[in-house]
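Beneath this line is the structure, given in structure tokens, with notes to follow.
Source: prediction; values computed, not measured. All residue numbers in this chain count up from 1 along the given sequence.
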Amino acid sequence: MEILDYYITLHLQHPNLKDDRPAEVTVSQLESLFYCTKRNVNLLLKRMSEEKWITWVPGKGRGNRSKVLFHYDLEEAAEAYFSKLLAKNQIAEAAEFIKRPLLPEYLAQKLQMRMQNNFGLQVKQTVSSSMDLLKIPMRRPLAALDPAFSYTAAEAHFVRQIFDTLNNYNSATGAFEPHLAHHWEVNSEYTKWTFFLRKSVRFHHGRNLTSQDVKYTLERLKDPAVQSPFRHLFSEIQSIEAFHEYGVTIMLKRPNVFFLHYLSSYNAAILPQDVPLVTGRELIGTGPFKVTEYNDRVFVLEAFDDHFNGRPLLDRVELWFVELDYDRIVDYELPGSGTTKNRYMKVNNTGSRYIVFNFQREGPHHDLYFRQAIHELIDPSQLISDLGGRRSSPASSFWPERSEQSAFSPSSLSRARSLLNKSTYNGKVLTFNYQNYTNEGLREAKWIQNRFREAGIYVNPVPYSLLDSEELDGEMISKGEVLERDAQYGFLSFLKGERSMRSLLTSEQLGILDHYLEQFLQEESYDTREEIIDSIETYLFNEKILLHLYHIAKEWNYPALLKGVHLNDFGWADFRTLWVKPEINKTT
């Protein structure tokens with residue numbers, strides 16, 4: 001603890017004193033405040049006096065209080081100390097400093113803005129060159145960057161920066177493009193898929209990619225011992241043969257015209273067979289960025305010079321895990337630098353926030369009348385109007401364009417009560433699990449709780465985190481889903497993956513969904529697959545298994561000098577395409 005920090009700690013006990021008014025204290029109080037002995041307290045007071053920050057007048061006689069006169073303005077001292085923390089990249093310590101309980105609110109807001117400006121685009125000049133750096137604040141650590149386990153939008157985004165897939169799906173054209181594999185073939189039954197790999201593709205640790213890495217990755221995905229939540233998708237693989245250093249054949253148990261979609265998903269990103277992901281921190285891929293630091297405070301990516309598709313133009317990305325007060329300042333993933341003209345971008349994610357019922361638990365939610373009453377009570381338009389934020393538009397589907405075609409009638413308390421009276425609900429307090437990654441989760445849970453209470457339904461909101469390993473036990477659960485660029489595959493992955501709602505459904509419900517999915521996987525026509533998706537969403541709606549709430553709009557405020565900003569399917573700017581336009585020095 002620096003001497004300046006001790007001074008600020010002392011001054012915060014008397015923040016409103018003017019220079020000409022001393023504060024009264026005792027040495028024993030300072031021992032408790034500074035967590036040190038009387039001897040060390042005297043040494044600290046002596047140093048502060050030598051710095052001319054205070055005038056210390058010891059109390060004479062037993063029971064007489066000492067007096068301290070402050071000469072160093074609290075705001076000036078706090079800003080100086082805060083600047084030191086930022087200069088040393090002690091971001092977590094700076095965030096903790098802002099949250100000191102006695103810090104005046106105006107000063108906390110000012111320091112929060114200083115921290116905000118510390119993030120975003122930075123160009124750092126060295127003796128020989130400049131480095132384009134992007135610093136991003138994030139509320140929580142990433143739960144999983146192992147492609148076999150990643151499932152949130154943020155994790156999926158970073159997986160795509162570190163790893164590559166065999167092929168890519170172009171959402172604009174609906175076509176598949178070569179990536180790690182430059183060519184592929186399939187038999188007429190869609191059961192035998194052969195891929196031919198590019199040569200001289202390098203992993204971050206220096207070894208070249210071979211077909212054995214592809215074999216290892218896919219076998220790991222479908223291995224029951226690994227317990228990937230996506231193994232149900234890749235369990236369709238019968239065998240994998242690495243018949244050549246750059247050739248691999250995949251045999252499926254049954255025809256699947258949709259299999260290329262599987263291999264272009266971030267979950268099928270190729271891993272090196274010689275560096276097992278034991279702890280989740282050995283993140284070695286072939287992607288455009290390599291991981292150089294990863295701990296509970298910071299996650300650092302640096303451009304991979306040897307990427308087969310060309311080096312990224314951005315040099316370094318730092319993701320800092322800090323608990324900023326988002327009630328003071330609304331923050332997005334890419335803040336502006338504060339020194340240049342900024343640009344603004346807003347886009348709706350494909351996906352929605354929704355409530356799903358846990359049919360693995362007994363309760364009134366097994367009664368359709370009860371679920372219909374819940375649906376009647378929740379008015380997405382009113383929720384958006386009351387709570388605002390990034391809640392963009394009411395949802396009736398995972399696709400915003402489909403929701404736009406729906407008519408949203410205002411909810412009716414009388415209709416909800418009528419449905420409730422037909423149900424088996426007896427007034428029992430039910431558990432409602434909500435996601436607590438921000439204060440918004442609690443606000444929303446309270447809004448829903450109050451709305452339910454008006455109709456006589458009582459719920460106890462219980463928070464959960466994406467980092468939690470235990471299964472949720474609430475009768476109702478609030479969740480969110482963002483579909484990736486290949487939205488049809490994203491929907492399939494949602495229905496097949498164990499992280500969404502599959503583990504909450506009955507065997508009968510799963511049987512109906514899987515029957516639709518069997519048709520889906522054998523259908524070559526995109527439009528016909530869309531019709532099957534419509535049928536699935538209609539089933540979920542009619543049975544009130546899943547109740548959509550709203551779509552989220554992703555917002556970016558970024559410096560005008562940052563070019564190549566294209567939001568990907570997860571609502572992030574793809575780091576591969578970002579570059580910084582140098583300012584032209586004008587001379588007269």
Checklist line | From CZ (Phe70) to CG (Leu10), nearest 0.5 Å | finding: 4.0 Å

Item checked: Heavy-atom pair of closest approach, residues Pro312 and Phe304 -> CD-O, 3.9 Å

Checklist line | Shortest non-hydrogen separation from Asp379 to Trp447 and the atoms involved | finding: O-CH2, 3.9 Å

Check: Would you call Lys84-Glu2 a salt bridge at under 4.0 Å N-O?
Finding: yes

Note to self: Is it true that Asp164 and His307 share a donor-acceptor pair across their side chains at a distance under 3.5 Å?
What the structure shows: yes

Next item on the list: Determine, for Lys290 against Glu302, whether the closest basic-nitrogen to carboxylate-oxygen distance falls under 4.0 angstrom.
Entry: no

Note to self: Show the nearest heavy-atom pair for residues Asp213 and Pro272, with the distance to one decimal.
What the structure shows: OD1-CA, 3.5 Å

Item checked: Near-ring test Tyr266/His157, centroid separation under 6.0 angstrom -> no

Checklist line | Pairing of Arg47 and Glu50 as salt bridge, 4.0 angstrom limit | finding: no

Notebook entry, point to check: Any ion pair linking Lys88 and Glu93 (charged N to carboxylate O, less than 4.0 Å)?
Noted result: no

Check: How about Ser83 and Arg114: does a side-chain donor come under 3.5 Å of a side-chain acceptor?
Finding: yes

Notebook entry, point to check: Is there a donor in the side chain of Asn450 and an acceptor in the side chain of Arg453, or the other way round, less than 3.5 Å apart?
Noted result: yes

Check: Using 4.0 Å as the upper bound for N to carboxylate O, is an ion pair formed by Arg160 and Glu484?
Finding: yes

Check: From Glu24 CD over to Ser66 OG, what is the distance, rounded to the nearest 0.5 angstrom?
Finding: 9.5 Å

Checklist line | Proximity of His179 and Phe308 rings by center, below 6.0 Å | finding: yes

Notebook entry, point to check: Below 4.5 Å, heavy atoms only, C-beta onward: do Phe163 and Leu271 meet side chain to side chain?
Noted result: yes

Notebook entry, point to check: In terms of side-chain heavy atoms, does Glu444 have a donor or acceptor partner in Tyr550 at a distance below 3.5 Å?
Noted result: yes

Checklist line | Heavy-atom pair of closest approach, residues Ile136 and Val317 | finding: CD1-CG1, 4.0 Å

Checklist line | Side-chain donor or acceptor of His551 paired with backbone N/O of Gly351 under 3.5 Å | finding: yes

Notebook entry, point to check: Going by an N to O cut-off under 4.0 Å, is there a salt bridge joining Arg451 and Asp386?
Noted result: no

Next item on the list: Check Asn118 against Ile91 and note the closest heavy-atom contact, atom names and distance.
Entry: ND2-CD1, 3.3 Å

Notebook entry, point to check: To the nearest 0.5 Å, how far apart are CG in Leu103 and CD in Glu75?
Noted result: 10.0 Å

Item checked: Non-hydrogen atoms of Leu74 and Ile8 that approach each other most closely -> CD1-CG2, 4.2 Å

Item checked: SB check Glu318 Arg316 (cutoff 4.0 Å) -> yes

Check: Between His204 and Ile162, is a side-chain contact (heavy atoms from CB on, under 4.5 Å) present by the stated rule, with each step listed?
Finding: CA-CA 9 Å; His204 298 153; Ile162 303 165; 4.0 Å; yes

